[in-house]
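Report on the following structure.
Please read these numbers as outputs of a predicted model, since none were measured by experiment.
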Amino acid sequence: MLIDSRLEFSDGQALTGSAASTNIVDLGQDRDIGPGRTLYLVLTVDVAADTANGNETYAVALETDSSAAFSSETVLVSRTIAAADLSQGSQHVIPVTLTNERFLRVNYTLGGTTPSVTVNAWLSDQEPQAWRALPDAT
């Protein structure tokens with residue numbers, strides 16, 4: 001799968017608490033993206049989620065706003081993922097609604113005693129069943 005760096009929210013982002021994605025996607029104007037095609041928020045795990053205390057919680061939300069400051073964000077889609085499902089190398093694919101404003105970001109909400117996880121997140125318009133691994137560029 002090819003990943004467009006302009007649609008990438010997180011690249012090896014280490015999380016130890018709630019935070020917004022490192023990157024914000026600027027669509028240039030308010031417009032619905034991907035009409036006629038389903039878009040997917042893809043989350044992959046580089047370093048497995050901490051489950052040491054058993055009370056750690058992990059949630060991800062794709063947000064949109066007309067301002068890059070995200071002062072009045074709207075959640076497009078959100079998902080709570082069980083800590084046990086956030087193992088190294090796991091991939092989570094979430095279909096996304098097509099109504100949005102100019103800016104997009106991912107917001108991670110972590111809770112519990114010692115939550116931590118390292119993730120990658122991006123938008124894709126490719127059907128998940130058609131994905132295939134390609135070697136990294138050298």
Report the distance from atom [atom1] of [X] to atom [atom2] of [Y], rounding to the nearest 0.5 Å.
X    : Y   : atom1 : atom2 : result
N23  : F9  : CG    : CZ    : 9.0 Å
L110 : L15 : CG    : CG    : 5.5 Å
N107 : E73 : CG    : CD    : 7.5 Å
E101 : E63 : CD    : CD    : 11.5 Å

Original post:
With distance as the sole criterion, is a donor-acceptor pair present between the side chains of E56 and T51 under 3.5 Å?
Top reply: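 Short answer, no.
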Original post:
Between S10 and Y108, is any side-chain donor less than 3.5 angstrom from a side-chain acceptor?
Top reply: yes
Please check: side-chain N/O of [X] versus main-chain N/O of [Y], any donor-acceptor pairing under 3.5 Å?
X    : Y    : value
N120 : G12  : yes
T118 : D46  : no
D50  : A52  : yes
H92  : L41  : no
D125 : T38  : no
S21  : V106 : yes
N53  : T113 : no
Q13  : A20  : yes
S124 : Y40  : no

Original post:
If Ile, Leu, Val, Met, Phe, Trp and Tyr residues are connected whenever their side-chain heavy atoms lie under 4.5 Å apart, and connections chain through other members, are L39 and L27 in the same group?
Top reply: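 Cluster IDs for L39 and L27 match.
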Between [Y] and [X], is there a side-chain heavy-atom distance shorter than 4.5 Å?
X    : Y    : value
L62  : V96  : yes
L104 : I24  : no
P115 : Y58  : yes
V60  : I81  : yes
W122 : T44  : yes
V117 : V45  : yes
L76  : N100 : yes
R102 : D26  : yes

Original post:
What pair of heavy atoms forms the shortest contact from T16 to S116, and how long is it?
Top reply: CG2-CB, 4.1 Å
**OP:** Considering non-hydrogen atoms only, spot the tightest contact between S90 and S87 and give its length.
**Re:** OG-O, 2.8 Å
